[in-house]
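Scroll down for the structure; my scribbles are underneath it.
Every number for a ligand or one of its atoms is a count from 1 in the order of the listing. The structure displayed is predicted, hence computed values, not measured ones.
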Amino acid sequence: MESLVCSFCGRKYSAEELVWRCECGHPLDLDFNGKLDLGRIKGRPPGIWRYREALPIEDDKNIVSLSEGFTPLIAATISGRTALLKLDFLYPTGSFKDRGASVLISKAKELGVKKVVEDSSGNAGCAIAAYCARAGIECHIYVPESASPAKLLQIQAYGARLFKIPGTRTDVQSAALEAAKNIYYASHVWNPFFFQGTKTFGFEVFEQLNFQEPDTMIIPTGNGTLLIGAYLGFSELFHQHLIERIPRLIAVQAKACAPLYLAFRSGKEEIPEIVPEHTIAEGIAIPKPPRSKQVLEIIKKTGGEVLAVSEEEIVEGVRILNSLGIFAEPTSAVVIAAFLKMPQRAGEKVVLPITGHGLKTVDEYLRMGLPIS
Ligand SMILES: *Cc1c(COP(=O)(O)O)cnc(C)c1O
Ligand SMILES: [Zn+2]
């Protein structure tokens, strides 16, 4: 059995202990170095489980899958420049969170867990609920009273029990943490197995670029579940000498809620207290990301940066995506806005993940009105 290690104080725990954070309060990571068996991968069906040797599940019979992943990587011309769009919304539940949910719920099954709790009003809640349905695991999701109705409906459709908590996002988390004293905490932010799933994003891009790394990736970032995952994936490739360097990771936030941007700009390790404003990029509106230190460290290590985009720039990003034949969540459009701002060197390969399906946010599209201008 693998161990969980604290990124801050170095303390170790066995994965069987079912701890979700270190005694010192910091998030845990999995001490596991996956191997990519290139010879065996090629003959396998497309999907995250083609990287079987790199995923920390011991017995195949515990794998909980809906055949997720291996999403298309397509070239697109945006304002006369070329970008590679990874269509990471083409999933059973409509967002890339399925990568993390598939591995995390497989691990829960392997550990003999019968019931899980998660707090998310959005795509992570949908993904955890779907994979629990598939696994026959009871699922409790805590959400703010004000959460968007479409995602709440999707969570309930999978048979999860919904707990609507009045008050702020912090009140929701406190309620979920209280429940997590007795129930396995399947958190997409705290549970390190979730990141073992999102790391397959890096493996796929590597394979789709003919076993090479891109130069740069621009990633929509709130808690950093995709950013940390992509970094883990490319680090494993690097440690196996399959790539020469880890791509530069650029995080994008909405200006309306940009704690990582503000910390990065001021050169601080701690994120500032902010009062978030409303943004149409609801999927990344996280005022206090628990893994902020880890995210900032990764960005610095890869020579990346944090960009912030305005609501007008995000709407322009939505318009551009739609004109390319892509109907995605407004949250996903932040990467287009960031790409337009970023200087691109000749021949630089830039990958932009498009993270959530537009059908999840029809309300938001109705509010924006057509034509989007
Ligand atoms: C979860 C999510 C993201 C990334 O958010 P993190 O909080 O950084 O994990 C981006 N786009 C969509 C649509 C999402 O659901
Ligand atoms: Zn610790």
Axial cation check for Phe234 ring with Lys301, 6.0 Å and 45° limits: no
Amino acids in close contact with ligand 1, where any non-hydrogen atom sits under 4.0 angstrom away: Phe96, Lys97, Asn123, Pro220, Thr221, Gly222, Asn223, Gly224, Thr225, Gly283, Ile284, Glu329, Thr331, Thr355, Gly356
Of Arg50, Arg99, Lys199, the residue whose pairing with Glu204 passes salt bridge (Lys or Arg N to Asp or Glu O under 4.0 Å): Arg99
Check: Phe89 ring centre within less than 6.0 Å of Phe96 ring centre: no
Separation of Lys360 NZ from Asn123 CG (nearest 0.5 Å): 4.0 Å
Short N-O contact, Lys300 and Glu297, less than 4.0 angstrom: no
Where the Zn ion (ligand 2) is the vertex, angle from Cys6 SG to Cys9 SG to 10°: 110°
The Zn ion (ligand 2) to nearest N/O/S of His26 below 2.8 Å: no
Ionic contact status for Glu53 with Arg44, cut-off 4.0 Å: yes
Presence of salt bridge, Glu2 and Lys12, under 4.0 angstrom: no
